[in-house]
K.L.:
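Before we start, here is the structure in question, set down as structure tokens.
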Amino acid sequence: MFRLFRLLDEFRLRHTPVTAQELSEDLGVSLRTLYRDIADLQAMGAPIRGEGGVGYVMEPGYFLPSLRFDADELEAIALGVRLVVSRGDPKLAEAAVRASAKIASTVNEGARRAFLVSPVESGPSALGRTPHLETLRDSVRQRKVLEIAYEALTGKASVRRARPLGLTVFDTVWLLTIWCERASDFRHLRVDRIRSIKETGACFRDEAGKRFSDCLTREGNATFPRGVIPNRPTKPRLDSPGPA
């Protein structure tokens, strides 16, 4: 979380170019991590210039602009980050830490301290060890059609050609919402019950009536409803509607 701050401080303290090797040794990180952190700072607007055979240097007088968050907003963000770290796959958890560092680097000193030592915490969870999460997240983003071998809670095994639409995290389980091409309908699959995933090489189009938001709307769980959505508490039905 503090790597970006430390890297900024290294640049501010130096008035001559410094090599990536020197920085990585001073910060105790790999060259790959250092290059990624420099790219993150540059994306945030830091005027860091690099030249082959010379090194990196940051123009003097640079400070990131401050964002304004109240105490409740900072605690909400801090808790959200910690929930993702404890319940997401390793890559998602690492992204949450990087995002947290970026947020902390753009608030004033008092807010930064309150954010980094926030009194809200996420308890331990085994959800971060749920298999297939990273693969499924990528497949959702890339709209990859998958062949999913699944074992229902009843023990019934099935293989589905599916469009992965979205993931929902609960206290004890991750849920994958798919459009099942065999059933021509939505299904919810417990990620921990997925036995294998195979890419088919096909991708699917964004079609009205077959989106994650369409499923949520139909079940009354739309986060941002369009029109009138029934205001009723519902729980996603595993392997539903219909048999697994």
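Only heavy atoms go into these numbers, but all of them, side chains included; no hydrogens, no water, no symmetry mates. As the structure is a computational prediction, the values presented were derived from the model and not from experiment. In what follows, residues are counted from 1 in the order of the sequence shown.
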K.L.:
Can you give me the closest heavy-atom contact between L133 and G88, atom names plus distance?
P.N.:
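That would be CD1-C, 4.5 Å.
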
K.L.:
Test of understanding: clusters of I, L, V, M, F, W, Y form through side-chain heavy atoms closer than 4.5 Å, transitively. Do L83 and I103 belong to the same one?
P.N.:
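As far as the 4.5 Å side-chain criterion goes, I103 and L83 are not connected within one cluster.
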
K.L.:
Salt-bridge test for D89 and K91: reply yes if a basic N is under 4.0 Å from a carboxylate O, no otherwise.
P.N.:
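The answer is no: the pair does not qualify as a salt bridge.
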
K.L.:
State, yes or no, whether a side-chain contact exists between V18 and F11 at a heavy-atom distance under 4.5 Å.
P.N.:
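The answer is yes; the side chains approach within 4.5 Å.
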
K.L.:
Taking the side chain as every heavy atom from C-beta outward, state whether D138 and K144 have any pair of such atoms under 4.5 Å apart.
P.N.:
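Contact flag for D138/K144 side chains = yes.
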
K.L.:
Measure the spacing between CG of L27 and CD of E10 and express it to the nearest 0.5 Å.
P.N.:
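With rounding to 0.5 Å, CG (L27) is 5.0 Å from CD (E10).
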
K.L.:
Considering only residues two or more places apart or on different chains, which pairs with a residue in residues 16-36 satisfy salt bridge (Lys or Arg N to Asp or Glu O under 4.0 Å)?
P.N.:
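Pairs touching residues 16-36 that pass the test: R14-D26, R36-E94.
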
K.L.:
Considering only heavy atoms from C-beta outward, does the side chain of K198 approach that of L146 to under 4.5 Å?
P.N.:
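The answer is no; the side chains never approach within 4.5 Å.
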
K.L.:
Enter the distance from L41:CG to L8:CG here, rounded to the nearest 0.5 Å.
P.N.:
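CG of L8 is found 4.5 Å from CG of L41.
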
K.L.:
Are there more than 12 heavy atoms of other residues, nucleotides or ligands under 6.0 Å from atom CG of D206?
P.N.:
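Yes - once you tally the heavy atoms of other residues, nucleotides and ligands closer than 6.0 Å, there are more than 12.
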
K.L.:
I need the minimum non-hydrogen distance between V140 and G166, along with the two atoms involved.
P.N.:
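In terms of heavy atoms, the two residues are closest at CG2-N, 4.0 Å.
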
K.L.:
Do the side chain of R143 and the main chain of F204 share a donor and acceptor less than 3.5 angstrom apart?
P.N.:
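No; zero donor-acceptor contacts below 3.5 Å.
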
K.L.:
Begin from the C-alpha positions of L127 and D171 and carry the test side-chain contact (heavy atoms from CB on, under 4.5 Å) through to its verdict.
P.N.:
CA-CA 8 Å; L127 289 179; D171 290 339; over 6 Å; no

K.L.:
Answer yes or no: is there a donor N or O on one side and an acceptor on the other, between the side chain of S139 and the main chain of T135, under 3.5 Å?
P.N.:
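Between the backbone of T135 and the side chain of S139 there is a qualifying donor-acceptor contact (under 3.5 Å).
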
K.L.:
Would L175 and V191 satisfy side-chain contact (heavy atoms from CB on, under 4.5 Å), going step by step from the backbone distance to the final call?
P.N.:
CA-CA 6 Å; L175 208 63; V191 175; 6.0 Å; no

K.L.:
Are E147 and V159 packed together at the side-chain level, in the sense that at least one heavy-atom pair is separated by less than 4.5 angstrom?
P.N.:
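A side-chain contact under 4.5 Å exists here.
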
K.L.:
Are I48 and V57 close enough that some pair of their side-chain heavy atoms sits under 4.5 Å apart?
P.N.:
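I48 does not reach V57 side chain to side chain.
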
K.L.:
Indicate yes or no: at least one non-hydrogen side-chain atom of Q42 is less than 4.5 angstrom from one of I38.
P.N.:
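Yes, close enough: below the 4.5 Å cut-off.
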
K.L.:
Test R82 against S118 for side-chain contact (heavy atoms from CB on, under 4.5 Å), laying out the working first.
P.N.:
CA-CA 10 Å; R82 291 167 188 180; S118 175; 3.9 Å; yes

K.L.:
Of the options R161, R160, K210, which is the one that meets E181 in a side-chain hydrogen bond (donor to acceptor under 3.5 Å, both in side chains)?
P.N.:
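It is R161, the one option of R161, R160, K210 that forms the side-chain hydrogen bond (donor to acceptor under 3.5 Å, both in side chains) with E181.
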
K.L.:
Kindly indicate, with the supporting measurements, whether the criterion side-chain contact (heavy atoms from CB on, under 4.5 Å) is fulfilled by R87 and T130.
P.N.:
CA-CA 9 Å; R87 287 158 172 76; T130 303; over 6 Å; no

K.L.:
Between CG of L7 and CG of L34, what distance do you get to the nearest 0.5 Å?
P.N.:
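The CG atom of L7 sits 6.0 Å away from the CG atom of L34.
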
K.L.:
Work out which heavy atom in V85 is nearest to a heavy atom in A96; give both atom names and the distance.
P.N.:
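Scanning both residues, the minimum pair turns out to be CG2-CB, 4.1 Å.
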
K.L.:
Would you check if P164 and F212 make a side-chain contact, meaning some heavy-atom pair closer than 4.5 Å?
P.N.:
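They are not in contact (no side-chain heavy atoms under 4.5 Å apart), so the answer is no.
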
K.L.:
Indicate yes or no for a side-chain donor-acceptor contact from R195 to the backbone of A149 under 3.5 Å, with no hydrogens or angles considered.
P.N.:
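It does not hold such a pair.
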
K.L.:
Roughly how far apart are H132 NE2 and L189 CG, rounded to 0.5 Å?
P.N.:
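Rounded to the nearest 0.5 Å, the NE2-CG separation comes out at 11.5 Å.
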
K.L.:
Transitively linked via ILVMFWY side-chain contacts under 4.5 Å: F69 with L79?
P.N.:
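No, F69 does not connect to L79 through the hydrophobic network.
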
K.L.:
Kindly indicate whether the side chain of T168, heavy atoms from C-beta on, has any atom under 4.5 Å from the side chain of W174.
P.N.:
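No - every pair of side-chain heavy atoms lies 4.5 Å or more apart.
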
K.L.:
Of the non-hydrogen atoms in D192 and R190, which two are nearest, and what is the gap between them?
P.N.:
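The answer is OD2-NH2, 2.7 Å.
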
K.L.:
Show the numbers, then the answer: is there a salt bridge (Lys or Arg N to Asp or Glu O under 4.0 Å) between E59 and R49?
P.N.:
CA-CA 8 Å; E59 297 175 7; R49 294 181 287 104; 3.7 Å; yes

K.L.:
I need the minimum non-hydrogen distance between A208 and D214, along with the two atoms involved.
P.N.:
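In terms of heavy atoms, the two residues are closest at C-OD2, 3.8 Å.
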
K.L.:
So how far is it from L176 CG to L167 CG, rounded to the nearest 0.5 Å?
P.N.:
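L176 CG to L167 CG: 5.5 Å, rounded to 0.5 Å.
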
K.L.:
Under 3.5 Å, which donor-acceptor pairs do the side chains of residues 71-78 form with other protein atoms, sequence neighbours left out?
P.N.:
unit_1, atom_1, unit_2, atom_2, d
E73, OE1, D70, N, 2.8

K.L.:
If you round to the nearest 0.5 Å, how far is OG of S158 from CZ of R187?
P.N.:
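So the CZ of R187 and the OG of S158 are separated by 10.0 Å.
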
K.L.:
Using 30° and 60° as the class limits, which term best fits the ring planes of F186 and W179: parallel, tilted or perpendicular?
P.N.:
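The rings of F186 and W179 stand perpendicular, inter-plane angle above 60°.
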
K.L.:
Could you tell me if S125 and S86 have a donor-acceptor pair between their side chains, going purely by distance under 3.5 Å?
P.N.:
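Per modelled atom types, S86 and S125 side chains form no pair under 3.5 Å.
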
K.L.:
Identify the two heavy atoms, one from S100 and one from V81, that lie closest to each other, and give their separation to 0.1 Å.
P.N.:
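Of all heavy-atom pairs spanning S100 and V81, the closest is CB-CG1, 3.9 Å.
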
K.L.:
Tell me whether R98 is salt-bridged to D37, with the criterion being a basic N under 4.0 Å from an acidic carboxylate O.
P.N.:
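Between D37 and R98 there is no salt bridge, as every charged N stays at least 4.0 Å from the carboxylate O atoms.
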
